[in-house]
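The structure under discussion appears below in the form of structure tokens.
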Amino acid sequence: MRIATWNINSLRARMDRVVAFLERHDVDVLALQEIKAKPAQLDLAPLTAAGYEVAAHGLNQWNGVALISRVGLSDVRDQLPGVPTWPEEDGVVEARALGGIVGDGLRIWSLYVPNGRELEHPHYAYKLRWLEALRAEGARELAADPQARAILCGDFNVAPLDEDVWSMEFFEGKTHVTEPERAAFRAVVEAGYADLVRPEHPGPGVYTYWDYQALRFPKREGMRIDFLLGTPAVEAALTGSFIDREERKGKGASDHAPVVIDVDL
DNA sequence: ATGGTAGAAATTCTA
């Protein structure tokens with residue numbers, strides 16, 4: 001089974017690219033982030049015509065997540081238990097998580113972790129609390145069944161290692177690289193969710209995101225912030241992985257590249 | 001000229 005995650009930065013603007021990607025790489029399951037639409041605004045015909053089921057969750061023009069599968073899609077959940085609201089006072093649960101069961105009992109979560117904005121901004125504290133809720137839900141699932149097949153994937157908005165950004169000097173005093181964010185990411189890994197791509201594709205210089213500004217992509221100035229994390233049962237079934245850097249090229253590309261894994265499940 | 005784009009929705013917000 002081939003599974004991918006991709007921050008699409010508007011599904012409506014890039015439906016053609018999504019369909020072409022699915023067909024080019026023979027993808028079974030795709031987790032999307034930043035679909036930037038309510039489900040009613042989407043024309044899903046190109047996906048259903050290609051043989052996929054779709055679950056989409058979006059409240060407005062911001063955030064939004066989706067799951068696309070041709071190997072079944074059931075038990076769909078649009079909220080990660082325990083996540084904070086935004087704003088934290090009198091706010092709502094944003095559309096940043098969508099879970100479902102695909103294939104033979106594989107749980108997958110499409111996740112769009114809050115950006116954090118600036119270190120002093122309330123969004124940064126929100127981001128850390130959100131990641132803690134993710135860790136707690138992941139830990140709960142593995143505690144219930146140590147053999148559980150589960151994947152947590154998406155845009156984590158954290159660069160876990162110095163080598164995951166093009167310049168630590170540039171990111172001094174900025175989000176994505178701070179120790180609290182990295183500790184929150186590590187806590188998810190330590191709860192039993194291993195990075196399924198890094199072992200085959202170690203850094204430095206291996207990225208999944210390049211800012212639209214300042215010619216970051218041609219200058220190879222990117223960040224590794226998109227991940228697929230898997231339980232031990234998934235890790236044991238892993239047969240390969242790649243980052244589709246080609247997808248970042250050309251007119252109309254998302255600022256993120258898809259990340260793909262193959263599992264013998 | 002301060003190096004700065006992209007998407008959605010509505011002149012601004014988010015990333």
Side-chain angles (χ1 to χ4, degrees), chain A residues 5-21 31-44 46 56-66 83-88 90-98 110-131 153-160 164-167 169-178 181 184-185 207-227 245 247-259:
Chain A
T5 185
W6 190 8
N7 181 320
I8 194 64
N9 187 20
S10 172
L11 179 53
R12 281 176 288 175
R14 275 179 263 283
M15 181 61 83
D16 292 351
R17 276 188 177 255
V18 170
V19 173
F21 166 75
L32 291 175
Q33 300 85 41
E34 280 211 269
I35 65 169
K36 289 187 168 179
K38 304 174 200 176
Q41 295 176 297
L42 300 171
D43 173 15
L44 300 175
H57 176 45
L59 302 174
N60 49 42
Q61 68 269 46
W62 296 302
N63 316 308
V65 280
V83 286
T85 60
W86 179 256
E88 295 202 53
D90 302 319
V92 298
V93 175
E94 296 185 299
R96 294 182 177 276
L98 190 66
S110 179
L111 304 164
Y112 181 45
V113 177
N115 173 288
R117 301 184 188 174
E118 290 94 38
L119 302 190
E120 313 75 23
H121 198 287
H123 210 259
Y124 179 78
Y126 168 55
K127 178 181 192 173
L128 296 177
R129 289 196 180 93
W130 203 97
L131 281 164
C153 67
D155 178 357
F156 283 73
N157 270 317
V158 177
D164 295 333
V165 295
W166 62 275
S167 164
E169 194 174 23
F170 178 84
F171 281 96
E172 171 134 23
K174 294 188 174 78
T175 60
H176 293 60
V177 301
T178 67
E181 290 166 281
F185 181 90
Y207 307 129
T208 64
Y209 162 85
W210 299 261
D211 199 308
Y212 285 124
Q213 303 184 50
L215 300 174
R216 292 289 180 225
F217 183 65
K219 287 154 74 176
R220 297 183 174 268
E221 296 175 344
M223 308 171 75
R224 192 203 297 245
I225 55 177
D226 300 271
F227 299 94
R245 196 177 175 283
E247 186 53 56
R248 181 62 179 79
K249 296 180 179 176
K251 186 171 162 59
S254 168
D255 43 3
H256 294 250
V259 187

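We name chains A, B, ... by the order of the sequence lines, and we start the count at 1 in each one.
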Can you tell me if [X] uses its side chain to pair, donor with acceptor, with the backbone of [Y] under 3.5 Å?
| X | Y | answer |
| --- | --- | --- |
| A:Trp6 | A:His256 | yes |
| A:Arg248 | A:Ala253 | no |
| A:Tyr212 | A:Asp255 | yes |

Round to a whole Å and report the spacing from [atom1] of [X] to [atom2] of [N].
| X | N | atom1 | atom2 | value |
| --- | --- | --- | --- | --- |
| A:Glu118 | B:dA15 | CD | C1' | 11 Å |
| A:Arg216 | B:dT5 | CZ | P | 12 Å |
| A:Asn63 | B:dA15 | CG | C1' | 10 Å |
| A:Ile8 | B:dA6 | CD1 | C1' | 13 Å |
| A:Gln33 | B:dT14 | CD | C1' | 16 Å |
| A:Leu59 | B:dC13 | CG | P | 20 Å |
| A:Tyr212 | B:dT14 | OH | P | 18 Å |
| A:Glu221 | B:dG3 | CD | P | 16 Å |

Distance, [atom1] atom - from [M] to [N], rounded to whole angstrom:
| N | M | atom1 | answer |
| --- | --- | --- | --- |
| B:dA9 | B:dA15 | P | 16 Å |
| B:dA6 | B:dA10 | C1' | 16 Å |
| B:dT11 | B:dA1 | P | 30 Å |
| B:dG3 | B:dG7 | C1' | 22 Å |

Quick check for you: among [options], whose closest atom lies nearest to any side-chain atom of [X]?
| X | options | answer |
| --- | --- | --- |
| A:Gln61 | B:dT14, B:dA8, B:dA15 | B:dA8 |
| A:Ala214 | B:dA15, B:dG4, B:dG7 | B:dG4 |
| A:Ser10 | B:dT14, B:dT5, B:dA8 | B:dA8 |
| A:Gln41 | B:dT5, B:dG7, B:dA9 | B:dA9 |

Does the structure place the NZ or CZ of A:Arg216 under 6.0 Å from the centre of the six-membered ring of A:Phe170, at an angle of no more than 45° from the ring's axis?
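Checked: cation-pi criterion met.
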
Could you say whether A:Gly252 or A:Asn7 is positioned toward the 5' end of DNA chain B, judged by the nucleotide with the nearest heavy atom to each?
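Counting from the 5' end, the first nearest nucleotide belongs to A:Gly252.
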
A:Asn60 vs A:Trp86, nearer the 5' end of DNA chain B by closest nucleotide:
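It is A:Asn60, whose closest nucleotide lies nearer the 5' terminus.
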
Does [X] have a side-chain nitrogen or oxygen under 4.0 Å from the phosphate oxygens OP1 or OP2 of [N]?
| X | N | answer |
| --- | --- | --- |
| A:Arg248 | B:dA6 | no |
| A:Arg14 | B:dG7 | yes |
| A:Arg12 | B:dG7 | no |

Please work out if A:Tyr112 contacts a base, only the sugar-phosphate, or nothing of the nucleic acid, heavy-atom cut-off 4.0 Å.
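Sugar-phosphate contact only.
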
Do A:Tyr124 and A:His121 make the cut of ring centroids closer than 6.0 angstrom?
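No, the ring of A:Tyr124 stays outside the 6.0 Å limit from the ring of A:His121, centre to centre.
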
Give me the atom names and distance for the closest heavy-atom approach of A:Val165 to A:Ala159.
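Closest approach of A:Val165 to A:Ala159, heavy atoms only: CG1-CB, 3.6 Å.
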
